[in-house]
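Take a look at the structure set out below.
Nothing here was measured: the structure is a model prediction, and the numbers come from that model. Order of listing sets the numbers, starting from 1, for every ligand and every atom in it.
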Amino acid sequence: MDKFIINGGKKLQGDVKISGAKNAAVAIIPAAILADGPCVLENVPIINDVSIDLKILSKMGAEVKIINNNTIQIDAKHIKDSVVPYEMARSMRASYYFFGALLSKFNHAKVSMPGGCDLGDRPIDQHLKCFKALGADYVIEHGLVDISAKQLIGTQVYFDKVTVGATINAILASVKADGLTILENAAKEPHVVDLANFLNSMGADIMGAGTDVIKIRGVNKLIGTRYSIIPDQIEAGTYMVAAAATRGNVTVRGIIPKHLEHITSKLRKTGVTVNEFDEFVQVIGKNEPYDRINIQTLPHPGFPTDMQPQFAALLTIAQGTSIITEGIFDNRFKYVDELRRMGADISVDGKVAVIEGVPKLSGAPVKAADLRAGAALVIAGLSTQGKTIIEDIHHIERGYEDIVKKLRLLGADITKKTRYESDSIGKAL
Ligand code: EPZ
């Protein structure tokens, strides 16, 4: 298994450029197959989940061209198949966006039940509820969901739970349906808005994205477009917390400050200085102990659940008792055992973690349980004297473009060891 080796205790200093948003890219790439002509996407993050999406498109017959590092062209006119290769789809959560996109394009989709981070129960009942309301039927067998419709007809759907995935899939499935679709209790995340803006740039008629009522009037034709993906608010937040945890001074560039409101305000509450500008924020840590805070994760515009593990890593070395309540997923505390190996004092009861701050952690061998849990371990390792070895880093590389390069440019001592090199390290230790 590949590993990160971190020799921590160094302040992060300097500038970091944020990449395109993973959770927008994995929705927009499947959506591109709805265009009658080529789509050019800019600011695409080159991460594992995006690579899998592009491989799925190529396998299905789309023409995918890498124009330059972060600009790709997708021409889906030759896609004839509405079945997504099982193993590829199985490996990530966002493959379920092919349900909505293929249903819109072919009135049929056959995709595996999604994989992705193990955060507890992650059903797709709200996705299926919406497809049925639009006139589709489905069968689930052999791990595949086979959905088909004679015709997709506009409808009204009230989501029982605020769900990003189901909101996005509902938009994808209704954008070419016959008539008006109204989604109520819809998710309002920035990547929902980004997808709607992308589809509208192709000729769709979507109103209200970013609010809890989204109206989609079906259109017959969607044309090719050029579109730039929004910056990743979670990647930005991760570097902001890393700057604080290492008591450094980091300028995080290429961001939309409004998307970082909660992260900024929570960091300021711990005593970190955050200076906000039009397209960047400057985060200045301090040498004195940080203040404890409480966090409750909620759907946007509440505090983002994808920033919960990273803040927990910071709060392990704050002064006093912090309480984190996970309001979205059943089990997003898998990183706690690993932080305990580093000396953190955390107790978990269901969806609540109580963190007793300690003066410092110590480097240790740890394992990334999922994407953001891995990010939390990187932050903890960077903030701590001594060597931290992080295994299962494939989770981390799913969502952070060039993380080793970006951190090294900020002064971090972090290296990636491949399986072969790791074996030789093992022998040397
Ligand atoms: C998306 O996951 C993101 N993933 C997650 O980011 C993010 O944590 C999550 O939204 C919440 O913001 C992608 O965009 C690829 P949900 P998703 O549907 O769509 C329940 C990361 O780290 N639910 O909003 O799966 C569900 O169990 C990843 O980048 C149903 O009950 O999240 C959860 O409790 C992790 N039925 C809640 O809703 C459904 O049909 C929110 O899930 C769907 C969801």
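Proximity of His395 to ligand 1, defined as any heavy-atom pair under 4.0 Å, is not found for any part of the residue. Here Pro123 has heavy atoms under 4.0 Å from ligand 1 in both its backbone and its side chain.
Arg341 CZ: 12 or fewer foreign heavy atoms inside a 6.0 Å radius. No more than 12 heavy atoms of other residues, nucleotides or ligands shown are found within 6.0 angstrom of CD on Glu279.
Atoms of ligand 1 lying under 4.0 Å from at least one heavy atom of Gly165, given by number and element, are 18 (O), 19 (O). Proximity to Gln126 (heavy-atom distance under 4.0 Å) selects the following atoms of ligand 1: 36 (N), 39 (C), 40 (O). Of all the atoms in ligand 1, the ones that sit under 4.0 Å from a non-hydrogen atom of Lys22 are 21 (C), 29 (O). Here is the list of ligand 1 atoms found below 4.0 Å of a heavy atom in Tyr96: 17 (P), 19 (O), 25 (O). Counting the atoms of ligand 1 from 1 in the order shown, those under 4.0 Å from a heavy atom of Arg332 are 8 (O), 22 (O), 35 (C).
Of the options Arg122, Arg93, Lys161, the smallest heavy-atom separation from atom 2 (O) of ligand 1 is shown by Arg122. Considering only non-hydrogen atoms, atom 26 (C) of ligand 1 lies nearest to Asp121 out of Asp121, Thr305, Thr163. Nearest-residue assignment for atom 6 (O) of ligand 1 (options Asp306, Leu128, Asp370; heavy-atom criterion): Asp306.
Screening Lys17, Lys406, Lys22 against Glu235 for a salt bridge (charged side-chain N to carboxylate O under 4.0 Å, His left out) leaves a single residue, Lys406.
Of the protein's heavy atoms, Val164 CB, 3.6 Å lies nearest to atom 10 (O) of ligand 1. Shortest contact from atom 9 (C) of ligand 1 to any protein heavy atom: Phe329 CZ, 3.9 Å. Looking only at protein heavy atoms, the nearest one to atom 36 (N) of ligand 1 is Asp125 OD1, 2.7 Å. Nearest protein neighbour of atom 15 (C) of ligand 1, counting heavy atoms only, is Asn23 OD1, 3.5 Å. The nearest protein atom to atom 22 (O) of ligand 1, hydrogens excluded, is given as Arg372 NE, 2.9 Å; this is a heavy-atom distance. Of all protein heavy atoms, the one closest to atom 41 (C) of ligand 1 is Ile328 CG2, 3.6 Å.
The N/O atoms of Leu119, backbone and side chain alike, include none that comes under 3.5 Å of an N/O atom in ligand 1.
A donor and an acceptor atom, one from each side chain of Thr297 and Glu326, are located under 3.5 Å apart. Using modelled atom types and a 3.5 Å distance limit, the side chains of His108 and Asp146 yield a donor-acceptor pair.
Distance alone, capped at 3.5 Å, places no donor-acceptor pair between the His300 side chain and the Ala187 backbone. Formation of a donor-acceptor pair under 3.5 Å by the Arg122 side chain with backbone atoms of Cys117 is found in this model. Between the Asn70 side chain and the Glu42 main chain, no donor and acceptor come within less than 3.5 Å of each other. A donor-acceptor contact shorter than 3.5 Å links the side chain of Thr316 to the backbone of Ala313. Checked by atom type and distance alone, the side chain of Asn43 pairs as donor or acceptor with a backbone atom of Ile229 at under 3.5 Å. In this structure a side-chain-to-backbone donor-acceptor pair under 3.5 Å is present from Asp118 to Gly120.
Heavy atoms of Arg398 come nearer than 4.0 angstrom to ligand 1 in no pair at all.
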